[in-house]
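Computed from a prediction, not measured in an experiment: that's the story for all the values here. Along the sequence shown, residues carry numbers from 1. Atom set for the values below is all heavy atoms of this structure, side chains included, hydrogens, waters and symmetry mates excluded.
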Amino acid sequence: MTINIEWQDQFGRWQHYQTKQNQADAYRVAQRRAESTGKRHRLVDDDGRLLDVI
């Protein structure tokens, strides 16, 4: 299963950041980047289903 990490820009659009194969690693990367940038991040699976918003 592939997991896409996306971040939300100032206009409310979701931009692709990175693709991971491991959900735990994707969550760690998104959480770390959300803290450092101050922007919202989300995890989406390969079918487009929302897994988490950080």
Side-chain angles (χ1 to χ4, degrees):
M1 175 160 112
T2 60
I3 298 171
N4 295 311
I5 302 172
E6 300 177 347
W7 61 278
Q8 192 173 31
D9 64 13
Q10 67 267 29
F11 304 110
R13 287 178 284 187
W14 291 100
Q15 306 292 328
H16 180 263
Y17 172 64
Q18 197 173 18
T19 300
K20 293 277 191 182
Q21 302 296 323
N22 185 327
Q23 186 174 358
D25 184 35
Y27 184 84
R28 280 193 303 270
V29 169
Q31 187 174 26
R32 202 173 304 129
R33 190 162 189 271
E35 288 174 2
S36 67
T37 63
K39 298 189 183 295
R40 291 174 63 179
H41 287 65
R42 72 179 182 178
L43 303 178
V44 181
D45 69 1
D46 48 358
D47 292 330
R49 291 182 294 234
L50 179 66
L51 300 175
D52 204 349
V53 176
I54 303 164

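Residue M1 holds its CE atom at 10.0 Å from CG of N22, rounded to the nearest 0.5 Å. The structure places NE2 of H16 at 8.0 Å from CD of Q18, a figure rounded to the nearest 0.5 Å. To the nearest 0.5 Å, the span separating NZ on K20 from OG1 on T2 amounts to 13.0 Å. Rounding to the nearest 0.5 angstrom, the gap separating the CG atom in D45 from the CD1 atom in I3 is 7.5 Å.
With hydrogens and angles disregarded, a donor-acceptor distance shorter than 3.5 Å links the side chain of D9 to the backbone of F11.
Here the shortest heavy-atom pairing between Y27 and D52 reads CE1-OD2, 3.0 Å. Shortest non-hydrogen contact noted between D47 and R49 is OD2-NH2, 3.2 Å. When all heavy atoms of R40 and W14 are compared, the closest pair comes out as O-CZ3, 3.7 Å. Among all heavy-atom pairs drawn from K39 and H41, the shortest one is O-ND1, 3.0 Å. Across all their heavy atoms, I54 and A34 have their closest contact at CG2-CB, 4.0 Å.
Hydrophobic clustering of Ile, Leu, Val, Met, Phe, Trp and Tyr side chains at less than 4.5 Å, counting indirect connections, unites L43 with V29. By the rule that hydrophobic residues join a cluster once side-chain heavy atoms approach within less than 4.5 Å of another member, I5 and W7 end up as members of one cluster. Taken together through direct or relayed side-chain contacts under 4.5 Å among Ile, Leu, Val, Met, Phe, Trp and Tyr, L50 and Y17 form parts of separate hydrophobic clusters.
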